[in-house]
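By convention in this document, chain letters (A, B, ...) are assigned in the order of the sequence lines, proteins followed by strands, and residues within each chain are numbered from 1.
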2 protein chains.
Amino acid sequence: MERTSTPCGDERTQRHTRQLLRRVGDTWSLVLVSQLVGGPMRFTELLRAVDGISHRMLTQTLRSLERDGLVSRTAYPETPPRVEYALTPLGQTFLGSLTGLVVWGEDTQAEVEEHRSRFDADRH
Amino acid sequence: MERTSTPCGDERTQRHTRQLLRRVGDTWSLVLVSQLVGGPMRFTELLRAVDGISHRMLTQTLRSLERDGLVSRTAYPETPPRVEYALTPLGQTFLGSLTGLVVWGEDTQAEVEEHRSRFDADRH
DNA sequence: CAGCATCCAGTACGATACTG
DNA sequence: CAGTATCGTACTGGATGCTG
């Protein structure tokens, strides 16, 4: 029973959370996971659906998500080859856990923007 | 009323959330904010308290948090100069919004680790 | 003490070309 | 179609030294 009402937790938890944020705070992980909510998608589908992503980053990010068990990869032995990516249950719970942050971002976005403008203005 | 039960939201929300994650997913922001939960701290106090942070990154990260309005900076016109950093109300609500993610990280950490090992092992 | 400027290594990312 | 390899660039973060 600690006095902490905020999720700072012990040092170990902090380290984990920081690593998690770094891991997931890259350019494309979140977009891809969000994109896959609608159901499985193929490589090229994703490439077209996600605006601005490069071939290379799509491969890399999918690999990384697959490695962590958030996304599953299914290859069908056909010609031409077909590979489908889908959200795993783990990936779905992950998206759910973001709710708090997403809501906070929506709620405070204007306020943060305001702070930034003011700060930048004051600095000459 | 959309079919989305997960916080993927519209494209605008997605972009905001991604930017938020990037902004906050750097090496030190989260550690600093967590550290300040206990109350205001001085520059050198933070430098000592946060293990591994460099002088430069402390300045930079504090600036950036101040800019976003998550942290307040109070300079006392004394000699030697004294500056105290504290969490703003906005900063506190931010920490609160992380609860879901922190819990998810704790709950699934072992599972994710397991996935990684297995993945790395399979890749010969 | 608090903060800034400079320099440097590591990495993230994009463009492109090539393989099964 | 899906994936790998190579290259160039831009940014991030650490070490260090200077200023008020």
Listing, residues 63-71 of chain B side-chain donor-acceptor contacts under 3.5 Å, not counting sequence neighbours, or none:
unit_1	atom_1	unit_2	atom_2	d
B:R63	NH1	B:E66	OE1	3.4
B:S64	OG	B:R23	NE	3.2
B:S64	OG	B:R23	NH2	2.5
B:R67	NH1	A:D120	OD1	2.9
B:R67	NH1	A:D120	OD2	2.5
B:D68	OD1	A:R116	NE	2.6
B:D68	OD1	A:R116	NH2	3.4
B:D68	OD2	A:R116	NH2	3.3
B:D68	OD2	B:R23	NE	2.8

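- Whole-Å rounding puts the B:L47 CG to D:dT16 P distance at 14 Å.
- Every residue two or more places apart in sequence or in another chain that forms a salt bridge (Lys or Arg N to Asp or Glu O under 4.0 Å) with A:E84 is listed here: A:R82.
- In A:R118, the CZ atom is not crowded: 12 or fewer heavy atoms of neighbouring residues, nucleotides or ligands sit closer than 6.0 Å.
- In this structure, the CG atom of A:L32 is 12 Å from the P atom of C:dC13, given to the nearest Å.
- Distance, A:I53 CD1 to C:dC13 P: 10 Å, rounded to whole Å.
- For the atom pair OG1 of B:T61 and CG of B:L46, the computed distance is 10.5 Å after rounding to the nearest 0.5 Å.
- Only A:P80, A:P81, A:V83, A:Y85, listed by number, bring a heavy atom of residues 78-85 of chain A to less than 4.0 angstrom from any atom of DNA chain D.
- For the pair A:R22 CZ and D:dT12 P, the interatomic distance rounds to 11 Å; values are reported in whole Å.
- Taking only side-chain nitrogens and oxygens, B:T27 comes nearer than 4.0 Å to OP1 or OP2 of D:dG13.
- The salt bridge (Lys or Arg N to Asp or Glu O under 4.0 Å) search around B:E106 returns none, not counting sequence neighbours.
- Partners of A:H55 under the ring-ring contact (aromatic ring centres under 6.0 Å, His included) rule, at least two apart in sequence or in another chain, are A:F43.
- Rounded to a whole Å, the CZ atom of A:R73 is 8 Å from the P atom of D:dT4.
- Listed by residue number, the members of residues 55-65 of chain B with any heavy atom below 4.0 angstrom from DNA chain C are B:H55, B:R56, B:T59, B:R63.
- As a whole-Å value, the separation of A:F43 CZ from C:dG20 P is 18 Å.
- Here A:T27 pairs with B:R22 under the side-chain hydrogen bond (donor to acceptor under 3.5 Å, both in side chains) rule; sequence neighbours left out.
- The distance between atom CZ of A:R23 and atom C1' of C:dA12, rounded to the nearest whole Å, is 13 Å.
- Under the rule for a side-chain hydrogen bond (donor to acceptor under 3.5 Å, both in side chains), A:Q60 has no partner lying at least two apart in sequence or in another chain.
- Within the structure, salt bridge (Lys or Arg N to Asp or Glu O under 4.0 Å) contacts touching residues 35-62 of chain B (residues at least two apart or in different chains) do not occur.
- Distance CZ (A:R42) to P (D:dG3): 10 Å, rounded to an integer number of Å.
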